[in-house]
Q: 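My questions all concern the structure below.
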Amino acid sequence: MSNEMPKQYDPKLVETKWYEAWERAGYFHAEPNAEKAPYCIVIPPPNITGKLHMGHALDNTIQDVLIRFKRMSGFETLWMPGTDHASIATEVKIIEEMARQGQTKQDIGREAFLERAWAWRNEYGTAIVRQLRFLGSSCDWARERFTMDAGCNAAVLKVFKQLYDKGLIYRGERIINWCPDCETALSDAEVEFVPQASHLWQVRYDAPDKSYSITVATTRPETILGDTGVAVHPDDPRYQHLIGKTVIVPETDREVPIVADTYCEMDFGTGAVKVTPAHDPNDFLIGERCGLPALRVFTDSGKVNEHGGKYEGLDRYDCRAAIVSNLKASGHLVATKDHEHNVGTCYRCHNTIETMISKQWFVSMKPLAEPALQAVREGAIRFVPERFAKTYYNWMESIRDWCISRQLWWGHRIPAWYCDDCGAMLVEETAPDRCPCGGALRQDEDVLDTWFSSGLWPFSTLGWPEATPELQYFYPTSTLVTGYDIIFFWVARMIVFGLEVMGQIPFDTVYVHGLVRDALGRKMSKSLGNGIDPLEIIEAYGADSLRFSLVTGNASGADMRFSTGKAEAARNFCNKLYNAARFLRLSLEEGKAYAIDKARLTLPDKWILTRLSQTVTEVTEKLNEFDLNHAAQKIYDFIWSEFCDWSIELAKPALHGGDAAEKENALAVLVHVFAQAMKLLHPFMPFITEELYQFMPDTGQTIMTAAWPAVESGLVFAADAAAMEQLMELIRTCRNMRAERQVPPAQKIALFIVSPNAAAYDGLQGHIGRLVGASEVKISCQNEIAGQARNDEKGTLSGDVHLICEGIEAFVPLASLSDPAKERARVEKEITRLQGEIARAQSKLANEGFLAKAPEKVVEEERMKLSVLQEMLDKIRVEC
RNA sequence: GGGGAUGUAGCCCAGUUGGUUAGAGCGCUUCGUUCACAUCGAAGAGGCCACAGGUUCGAGUCCUGUUAUCCCCACCA
């Protein structure tokens, strides 16, 4: 049967099989467990496009690597995903879909609209979940159990009420960002600024009696209709005489004052600014300082309202054109200059946002931010990599109040009720029947910003406000894994809410990763069409390959470029693993147990076992430091460059021609090392490691719950490993020599090795011969060898090739092939190299500063190095 | 304007608290298939570590400046 295994690994044969097996056996299940420590990862709400993208794949891969690692290390692991509720994206999608059918949301009403939204969310939210399993994601149990819609309404209502009662949530008139197309308020974070070519118009405002005038500069002439003042800098000599006087706003009959405010910059434009408190955040502040009223001139859909006089009903863009042309006609337009400036746009629909005064709900952030800042400053919460803490500080320290109301339907509706009779406002967790005055109540139409409910994630998904066992066991959670683009939106708010509501940090570590970019370093986007579909990569190379390529090849926190080349390299690695396992399996006997007998271990056995232990230590360390890249790299190198390239090669004679005991010993070592290596690799490549682990004898039900490898001190042999490394280096040098001299592969050579470790190498002659293409290999201690080489091979020593490595050297009688000139050139090159090295070491050691100030260990190493080099040089000289 | 990065081989990236001859992978050159793997093996070429100063016995690594590229925040009417 084993002989029939195909030569190449096919991921499709195992991925579904193992995923289903794990699922059936309940290995994704997590619950409070007295025997184990909890480990809990918080993951972001997937967006509801229904399509897995590389960002999801990266996020989920990192999370799953950590979860699997912790699980094998004896933790009860949980991750808490879910699908969020409020979302402009979802609302816009549904409105678009309805528009195609000639409907608006008002046509069908709130209730029917929400029904459609739920259907949409269920369809696309679960589509993502289904697709994640192809990646090997192990989070299904939690996903089914904790979703935002199920339990979290209660949490949202309770938190809202609590903050309101403490005065931390308030309703007020503020300048907010308004998207006239989505017809909703946006938080500051949701506005994107894009540079746009426009004009700077200079407009003259005349005195009522035309005795004086002042010229202002503006980029938005349509807001002239809402001007309630003109401001100049208090120190501006040009305008001193005008401060306190009034002017008439053009195109209106309004008389407004000229005020002094330091906000004005004397050297920009004309130094005078028109003040429109209702439509500009800075003007709003000027208005507050100078007592200017706010006059709103646009409707929610961006048209001029009743305050616009003859412009009423015009769209904002048409209004601009009309006003400019009228100003020109009336001679008020003094100048028009080209001007590029940044225009705020809606992050969702990309239309220009208006800043307007509006009645909205706000969270007062300053008092909430303080403890959240402290938690990070004092180290209770740690960012990995650390530099992202600065981003967090930067934002939190300059935080402004957070506008949380959205004029959407799809979301958590604000639990506030108004009484039309007495004008009272009630904020309650459960809907009140009537106003205390007896009047009828109507609920606030707005819903909450999506990040308000998402910010409650770490505890609301665990069942809060119920005191569930999960909440007690898993909160505070352990780690948050997310991209840096979401630090402001999400991370900061979870910390704020965790501290405010639970009185405890929500997690102790924030592991921040970069974004996935395309092979050219561009952000993957629909408009560029450069997005790579993770499912296509899985189809072509397998899920393990995709996962591996996502965690290797870049430092944590840095953006990563994804290319199919990386997936291909990972796929080749899978094939390498598969074939190594296949090779072992060809020799394994069914049902036989293979135990390592320490008495029979060969030098290469001791070497690979030692290297295994070192690799275990390193990989574990790196994973604990969240350094997935290097953890993966270490295990990759160990398996490919050491286990496959050397151990398997060296075991072949024993497996193919050795006696039974030899064969058994060789297999015992290989099987042990391979099985341990599979465990180390399992978090990164769950499917193939499970499959191949099952090929080994004596494995359990699943590698998922196998114990994470530990260093076995009885199987560490430092001195033997070092001797082996020296021999390996000699073998490389010898191969190099053959290649340089173009010795045909068929041409066997003789090799005479000299080393103080000769005894340790005894018995390896056959191996060495195979690896370097030698028909004769002799190993000896220092003194006898030279004579032996001479005696046995008659040729002169100067015709022999002399190979020198640290702690080991060799003679190759190649007289018949040897070109004395070439050989001399080779040796001279080597001598030059050694002399250079020696000179460098000598000058270092001659430097008194070095001797005095460098650590003793470094000096000692330098001395050792010099003596080794010196020895090598001495030997090589004897030959010339 | 404020903040955060990045610049190392043709390409994409590693390089721990300063300490051997700066490393992988892809690509390139040469050689190699009787049995784990050509999705492979062996060997090789290829680097003024952006530039200029400084600190140090010693700098790819630390400091200052210059330059190039990128991201985030704020935003000038």
Side-chain angles (χ1 to χ4, degrees), chain A residues 3 5 7-9 188-189 193 200-201 216-220 223 231 263-265 267-276 280-283 339 341-342 344 387-388 390-391 393-395 398 484-485 487-488 514-515 519 521 523 541 552-555 557-561 563 565-566 568-587 625 627 629-630 633 636-637 641 644-645 648-649 652 656 732 735-740 742-745 771-773 833 836-837 840-841 844 847-855 857-859 861-862 864-865 868-869:
Chain A
N3 294 331
M5 283 173 68
K7 276 186 165 184
Q8 286 174 358
Y9 177 63
D188 292 340
F193 287 89
L200 190 62
W201 288 277
V216 304
T218 181
T219 54
R220 298 172 64 212
T223 62
Y263 166 78
C264 300
E265 282 176 38
D267 49 6
F268 185 90
T270 62
V273 186
K274 63 188 217 52
V275 185
T276 321
D280 184 284
N282 291 308
D283 290 6
H339 182 65
H341 66 147
N342 285 330
R387 70 187 137 89
F388 288 107
K390 286 184 194 161
T391 311
Y393 294 144
N394 203 358
W395 193 69
S398 55
Y484 60 71
D485 54 332
I487 289 176
F488 307 127
L515 307 179
K523 208 167 168 175
Y541 301 101
T552 49
N554 79 317
D559 285 356
M560 74 150 338
R561 297 187 187 196
S563 64
K566 281 183 180 167
E568 193 179 328
R571 191 269 320 268
N572 293 353
F573 179 52
C574 286
N575 191 53
K576 188 75 181 174
L577 294 173
Y578 169 80
N579 274 292
R582 184 166 152 251
F583 173 76
L584 295 185
R585 208 185 183 196
L586 288 168
S587 300
E625 290 165 4
D627 188 353
N629 173 30
H630 289 111
Q633 204 61 53
Y636 176 96
D637 288 341
S641 312
C644 290
D645 288 354
I648 286 188
E649 287 311 316
K652 280 179 179 174
H656 295 146
R732 281 187 211 106
R735 285 167 165 172
N736 176 355
M737 180 277 293
R738 284 189 69 122
E740 265 186 8
Q742 301 178 327
V743 180
L771 294 172
V772 302
R833 188 186 72 86
E837 291 286 316
R840 187 189 305 224
K844 254 189 176 181
N847 184 333
E848 282 187 30
F850 177 71
L851 294 176
K853 293 183 180 174
K857 188 171 157 252
V858 174
V859 176
E861 275 170 7
E862 202 61 33
M864 289 283 292
K865 175 184 151 193
V868 166
L869 289 167

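Quick note on labels: first sequence line is chain A, next is B, and so on, each numbered from 1. Worth saying up front: this structure is predicted, and the values here are computed from it rather than measured.
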Q: Just by protein heavy atoms under 4.0 Å, how would nucleotides 36-44 of chain B read 5' to 3' in B, S and -?
A: BB-BSSSSS
Q: Without decimals, in angstroms, what is the distance between A/D637 CG and B/C13 C1'?
A: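 A/D637 atom CG is separated from B/C13 atom C1' by 14 Å.
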Q: So A/L851 and A/V859, do their side chains get closer than 4.5 Å, heavy atoms only?
A: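 A/V859 reaches A/L851 side chain to side chain.
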Q: Using atom names, set out every protein N or O paired with an N or O of nucleotides 74-77 of chain B below 3.5 Å, distance rounded to 0.1 Å.
A:
from: B/C75; atom 1: N3; to: A/N342; atom 2: ND2; distance (Å): 2.9
from: B/C76; atom 1: OP1; to: A/N282; atom 2: ND2; distance (Å): 3.3
from: B/C76; atom 1: O2; to: A/E265; atom 2: OE1; distance (Å): 3.4
from: B/C76; atom 1: O2; to: A/E265; atom 2: OE2; distance (Å): 3.3
from: B/A77; atom 1: OP1; to: A/H341; atom 2: ND1; distance (Å): 3.3
from: B/A77; atom 1: OP2; to: A/H339; atom 2: NE2; distance (Å): 3.0
from: B/A77; atom 1: O5'; to: A/T219; atom 2: OG1; distance (Å): 3.2
from: B/A77; atom 1: N6; to: A/E265; atom 2: O; distance (Å): 2.7
from: B/A77; atom 1: N6; to: A/F268; atom 2: O; distance (Å): 2.8
from: B/A77; atom 1: N1; to: A/E265; atom 2: N; distance (Å): 3.1

Q: Run the side-chain contact (heavy atoms from CB on, under 4.5 Å) test against A/K7 and tell me which residues pass, sequence neighbours left out.
A: A/R582
Q: Suppose we screen for side-chain contact (heavy atoms from CB on, under 4.5 Å). Which residues come up paired with A/D188, at least two apart in sequence or across chains?
A: A/N177, A/R400
Q: Would you say the side chain of A/E568 lies within less than 4.5 Å of the side chain of A/Y541, judging by non-hydrogen atoms?
A: yes
Q: Taking the side chain of A/H630 as heavy atoms from C-beta outward, which of B/G19, B/G15, B/C12 is closest to it?
A: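 So the nucleotide nearest the side chain must be B/G15.
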Q: Taking Watson-Crick and G-U wobble pairs with both distances under 3.5 Å, convert RNA chain B into its dot-bracket string, 5' to 3', dots for unpaired and | for cross-strand pairs.
A: (((((((..((.(.....[...).)).(((((.......))))).....(((((..]....))))))))))))....
Q: Apply salt bridge (Lys or Arg N to Asp or Glu O under 4.0 Å) to A/R735 and list each qualifying residue two or more places apart in sequence or on a separate chain.
A: none
Q: Can you name the salt bridge (Lys or Arg N to Asp or Glu O under 4.0 Å) partners of A/E265, sequence neighbours left out?
A: none
Q: What are the atom names and distances for every N/O pair under 3.5 Å that joins the protein to nucleotides 1-10 of chain B?
A:
from: B/G3; atom 1: O2'; to: A/N394; atom 2: ND2; distance (Å): 3.2

Q: Hey, which of A/T219, A/T270, A/T218 is the one that makes side chain to side chain contact (heavy atoms under 4.5 Å, CB included) with A/L200?
A: A/T219
Q: Taking side-chain contact (heavy atoms from CB on, under 4.5 Å) as the test, write out the residues that go with A/L515, two or more places apart.
A: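 Partners of A/L515 by the side-chain contact (heavy atoms from CB on, under 4.5 Å) criterion, ordered by chain and then number, come out as A/Y484, A/D485, A/K523, A/D559.
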Q: With sequence neighbours excluded, tell me which residues meet salt bridge (Lys or Arg N to Asp or Glu O under 4.0 Å) with A/K844.
A: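 Partners of A/K844 under the salt bridge (Lys or Arg N to Asp or Glu O under 4.0 Å) test: A/E862.
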Q: Tell me every residue that passes side-chain contact (heavy atoms from CB on, under 4.5 Å) with A/V868, counting only those two or more places apart in sequence or in another chain.
A: A/E806, A/M872
Q: Over 60° means perpendicular and under 30° means parallel, so tell me whether A/F583 and A/H656 are parallel, tilted or perpendicular.
A: perpendicular
Q: Dump every N/O contact between nucleotides 58-61 of chain B and the protein below 3.5 Å, one line per pair.
A:
none

